[in-house]
2 protein chains.
Amino acid sequence: MPKKIKIVIIGAGNVGFHLAMALKKNGHTILQVISRSYGPALELARLTDSEAENDFSRIRTDADLYIIAVKDDDIVKVAEKLPSLNVTIVHTSGSASPETLSRISSNYGVFYPLQSFKKNTPVDLSHVPFCLEASNEHTMFILKELASDITDNIHEIDEQKRKKIHLAAVFACNFSNYLYTVSENILKEEKLDLSILYPLIEETAKRIKHNSPAILQTGPAARRDFKTIQQHKSMLNDKKYLELYTLLTENILNSLP
Amino acid sequence: MPKKIKIVIIGAGNVGFHLAMALKKNGHTILQVISRSYGPALELARLTDSEAENDFSRIRTDADLYIIAVKDDDIVKVAEKLPSLNVTIVHTSGSASPETLSRISSNYGVFYPLQSFKKNTPVDLSHVPFCLEASNEHTMFILKELASDITDNIHEIDEQKRKKIHLAAVFACNFSNYLYTVSENILKEEKLDLSILYPLIEETAKRIKHNSPAILQTGPAARRDFKTIQQHKSMLNDKKYLELYTLLTENILNSLP
């Protein structure tokens with residue numbers, strides 16, 4: 001049973017929101033939510049029985065852990081505003097270096113949940129991979145204890161690997177989601193709903209657990225069905241969708257054994 | 001309880017394989033499997049207690065239904081080889097017109113399962129959408145009866161809509177699967193396994209049932225995190241992956257509200 005600790009959450013966006021909620025739910029105390037925008041801080045503070053703050057000079061200094069959950073571009077800016085604290089401080093980014101936090105405390109690290117968060121979309125974190133990095137063993141121990149409260153899927157991952165994982169996740173998830181949007185827009189032209197594709201989309205995502213996606217590739221490009229490829233291109237009125245179809249088809253054709 | 005019928009399967013590829021197996025399992029008789037390549041025909045014939053054939057002049061003429069499951073480019077070639085038959089004849093393509101079958105019989109149509117098939121990957125067809133089109137009501141009735149043996153998800157879909165659905169499926173599924181491959185290759189560079197992304201990939205695919213993917217878009221592009229985008233680009237040594245990252249990122253940026 002990990003020790004219950006006091007936490008300050010910096011950033012009240014999608015990641016900060018879900019981490020704060022999960023940590024609160026697991027018995028930890030959220031002392032304060034700090035965010036540049038007061039509204040989101042207040043909303044999250046209310047949900048986690050904590051204080052809302054938008055002035056970094058009023059940061060609580062009696063917490064055990066500070067979690068910086070802001071976008072990568074802003075991590076350095078936030079770090080510059082924080083006083084030197086003899087505590088544990090982490091960011092939650094897949095791509096940022098933890099070194100920017102070294103000025104604040106010698107106990108710094110990364111607490112990166114490999115999941116895509118949207119505030120209003122509930123998400124079960126119990127099997128979500130958490131990628132942890134820490135400046136020393138003591139900090140790693142604390143982060144592992146904390147993560148084990150939330151998930152059964154914990155990985156010690158160094159910066160280079162974490163950055164690659166994040167890049168891979170952008171392709172597999174952010175970009176796939178965009179393709180679902182393209183798909184939805186194409187169906188809308190015929191007043192059809194994306195729901196007709198749910199079984200296929202879900203099967204495509206599940207199937208890769210048993211075989212490499214390279215082996216599982218299907219579709220007109222995979223079977224060199226140039227007649228269908230040509231027909232599809234002629235159906236794409238939107239130039240940017242046509243460009244995307246062409247590039248992805250070329251890539252698949254080039255990847256065939 | 002639909003009537004049990006006698007079926008000839010033309011084409012022993014991924015679609016022909018799974019349809020023949022499902023129809024056999026539901027009590028229908030597969031009379032014959034015809035394929036240009038004798039090996040696959042023989043394999044499927046053995047599994048469905050039917051005859052294998054690679055000579056179209058020896059097609060059985062005593063079947064109730066002929067299912068042409070060959071790639072789009074080959075449907076016309078197959079149709080030209082078949083004699084005029086007073087039966088029901090369908091193809092299984094998302095993109096081909098059924099009119100090419102009109103010379104063979106006046107009872108023709110399309111029996112298009114909206115799923116991606118791989119011979120050695122078992123697939124549960126019971127909720128897979130089947131898109132049906134028929135030259136007359138009698139044929140539509142037969143196709144609906146047959147489809148209802150396999151699935152609870154039947155749609156009467158005209159040619160134009162079906163082609164759009166197929167195009168949308170290429171984006172949502174074939175192209176997403178390719179992105180999973182890219183992702184796997186990126187992870188391999190660090191000796192990491194794609195399995196670390198399974199929870200995220202599955203969640204991304206499931207989440208769109210509750211919200212439009214356009215609303216659910218996350219990632220560096222969605223939050224205009226140009227620092228991370230730049231870092232990702234610098235990490236992509238493979239020119240074709242860089243090109244893809246750039247195009248998809250631009251498209252997401254342009255699609256933001």
Engineer: Could you tell me which portion of B/His232 (side chain, backbone, both or neither) has an atom closer than 4.5 angstrom to a non-hydrogen atom of chain A?
Structural biologist: both
Engineer: Using non-hydrogen atoms only, which part of A/Glu250 is less than 4.5 Å away from chain B: side chain, backbone, both, or neither?
Structural biologist: neither
Engineer: Got a salt bridge between B/Lys163 and B/Glu159, using NZ or NE/NH1/NH2 to carboxylate O under 4.0 Å?
Structural biologist: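 Salt bridge flag = yes for B/Glu159 with B/Lys163.
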Engineer: Can you tell which part of B/Leu194 gets under 4.5 Å to a heavy atom of chain A, answering side chain, backbone, both or neither?
Structural biologist: side chain
Engineer: Taking every heavy-atom pair that is under 4.5 Å apart, which of B/Gln217, B/His166, B/Lys240 has the most such pairs with chain A?
Structural biologist: B/Gln217
Engineer: Inspect the contact between B/Asp74 and B/Lys71 and indicate whether a charged nitrogen and a carboxylate oxygen are less than 4.0 angstrom apart.
Structural biologist: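 Judged by the 4.0 Å cut-off on N to carboxylate O distance, B/Lys71 and B/Asp74 do not form a salt bridge.
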Engineer: Return the minimal non-hydrogen interatomic distance between A/Leu197 and A/Ser183, and the atom names on each side.
Structural biologist: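 Shortest heavy-atom contact: CD1-OG, 3.2 Å.
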Engineer: Give, as side chain, backbone, both or neither, the part of B/Leu244 having an atom under 4.5 angstrom from any heavy atom of chain A.
Structural biologist: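 Backbone plus side chain of B/Leu244, per the 4.5 Å heavy-atom cut-off to chain A.
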Engineer: With chain A, which of B/Cys131, B/Ser212, B/Ser195 has the greatest number of heavy-atom pairs at distances under 4.5 Å?
Structural biologist: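 Winner by heavy-atom pair count: B/Ser212.
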Engineer: What residues of residues 202-211 of chain B sit under 4.5 Å from chain A when you count only heavy atoms?
Structural biologist: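 Those residues of residues 202-211 of chain B which have a heavy atom under 4.5 Å from chain A are B/Glu202, B/Glu203, B/Thr204, B/Ala205, B/Lys206, B/Arg207, B/Ile208, B/Lys209, B/Asn211.
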Engineer: Using a cut-off of under 4.5 Å for heavy-atom pairs, which of A/Asn14, A/Val128, A/Leu187 has the most such pairs with chain B?
Structural biologist: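 Highest number of pairs under 4.5 Å: A/Leu187.
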Engineer: When heavy-atom pairs shorter than 4.5 Å are enumerated against chain B, which of A/Leu200, A/Leu192, A/Val123, A/Ile186 gives the highest number?
Structural biologist: A/Leu200
Engineer: Under a 4.5 Å heavy-atom cut-off, does chain A meet the side chain of B/Thr249, its backbone, both or neither?
Structural biologist: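 Both parts, backbone and side chain.
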Engineer: Go through B/Ala96, B/Ala221, B/Ala168 and name the one with the most non-hydrogen pairs under 4.5 angstrom from chain A.
Structural biologist: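 That would be B/Ala168.
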Engineer: So which of A/Tyr180, A/Phe117, A/Tyr241 has the largest heavy-atom pair count under 4.5 angstrom toward chain B?
Structural biologist: A/Tyr180
Engineer: Below 4.5 Å, heavy atoms only, C-beta onward: do A/Ile201 and B/Ser176 meet side chain to side chain?
Structural biologist: no
Engineer: Please confirm whether the backbone N or O of A/Ser97 pairs with a side-chain atom of A/Arg162, one donor and one acceptor, at under 3.5 Å?
Structural biologist: no
Engineer: Check whether B/Gln115 gets within reach of chain A through its side chain, its backbone, both or neither, counting any heavy atom under 4.5 Å.
Structural biologist: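 Both backbone and side chain.
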Engineer: Report the option among B/Gly13, B/Cys173, B/Pro129, B/Pro220 that has the most heavy-atom pairs separated by less than 4.5 Å from atoms of chain A.
Structural biologist: B/Cys173
Engineer: Only pairs of heavy atoms separated by less than 4.5 Å count here; which of A/Arg223, A/Glu184, A/His155 has the most with chain B?
Structural biologist: A/Glu184
Engineer: Tell me, do A/Thr100 and A/Glu80 make a side-chain contact under 4.5 Å, heavy atoms counted?
Structural biologist: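 Not in contact.
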Engineer: Below 4.5 Å, heavy atoms only, C-beta onward: do A/Ile157 and A/Glu133 meet side chain to side chain?
Structural biologist: no
Engineer: Go through B/Glu243, B/Arg224, B/Lys161 and name the one with the most non-hydrogen pairs under 4.5 angstrom from chain A.
Structural biologist: B/Lys161
Engineer: Dump the intermediate steps for ring-ring contact (aromatic ring centres under 6.0 Å, His included) on B/Tyr245 and A/Phe175, then the final yes or no.
Structural biologist: CA-CA 9 Å; B/Tyr245 187 97; A/Phe175 288 166; 5.3 Å; yes
Engineer: Where on B/Tyr178 is there a heavy atom nearer than 4.5 Å to chain A: the side chain, the backbone, both, or neither?
Structural biologist: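 Backbone plus side chain of B/Tyr178, per the 4.5 Å heavy-atom cut-off to chain A.
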Engineer: Among B/Val90, B/Leu82, B/Thr92, which residue satisfies the side-chain contact (heavy atoms from CB on, under 4.5 Å) criterion with B/Ile68?
Structural biologist: B/Leu82
Engineer: A quick test of your reading: do over 12 heavy atoms of other residues, nucleotides or ligands sit less than 6.0 Å from NZ of B/Lys25?
Structural biologist: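 It does not: B/Lys25 NZ has 12 such atoms or fewer within range.
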Engineer: Of the listed residues (A/Lys191, A/Glu189, A/His127), which shares the most heavy-atom pairs with chain B below a 4.5 Å separation?
Structural biologist: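 Option with the top pair count is A/Glu189.
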Engineer: Using non-hydrogen atoms only, which part of B/Val15 is less than 4.5 Å away from chain A: side chain, backbone, both, or neither?
Structural biologist: neither
Engineer: Within this structure, what is the CG-CG distance for the pair A/Leu248 and A/Leu253, rounded to the nearest 0.5 Å?
Structural biologist: 11.0 Å
Engineer: Go through A/Ile252, A/Asn251, A/Asp72 and name the one with the most non-hydrogen pairs under 4.5 angstrom from chain B.
Structural biologist: A/Asn251
Engineer: Under a 4.0 Å threshold between the charged nitrogen and the carboxylate oxygen, would A/Lys144 count as salt-bridged to A/Glu156?
Structural biologist: yes
Engineer: Go through the atoms of B/Gln231 and report whether side chain, backbone, both or neither lie under 4.5 Å from a heavy atom of chain A.
Structural biologist: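 Contact with chain A: side chain only.
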Engineer: Can you check whether B/Lys188 reaches B/Asn185 side chain to side chain, under 4.5 Å on heavy atoms?
Structural biologist: yes
Engineer: At what distance, to the nearest 0.5 angstrom, does CE of A/Met235 lie from OG of B/Ser95?
Structural biologist: 7.0 Å
Engineer: Based on non-hydrogen pairs under 4.5 Å, which of B/Asn177, B/Asn153, B/Thr181, B/Thr121 is most in contact with chain A?
Structural biologist: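 Max contact count across the listed options: B/Asn177.
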Engineer: Going by heavy atoms in the side chains, are B/Arg36 and B/Asn54 under 4.5 Å from each other?
Structural biologist: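 No, too far: nothing below the 4.5 Å cut-off.
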Engineer: Is it true that the side chains of A/Asn174 and B/Thr218 contain a donor and an acceptor less than 3.5 Å apart?
Structural biologist: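 Yes, a side-chain donor-acceptor pair sits under 3.5 Å.
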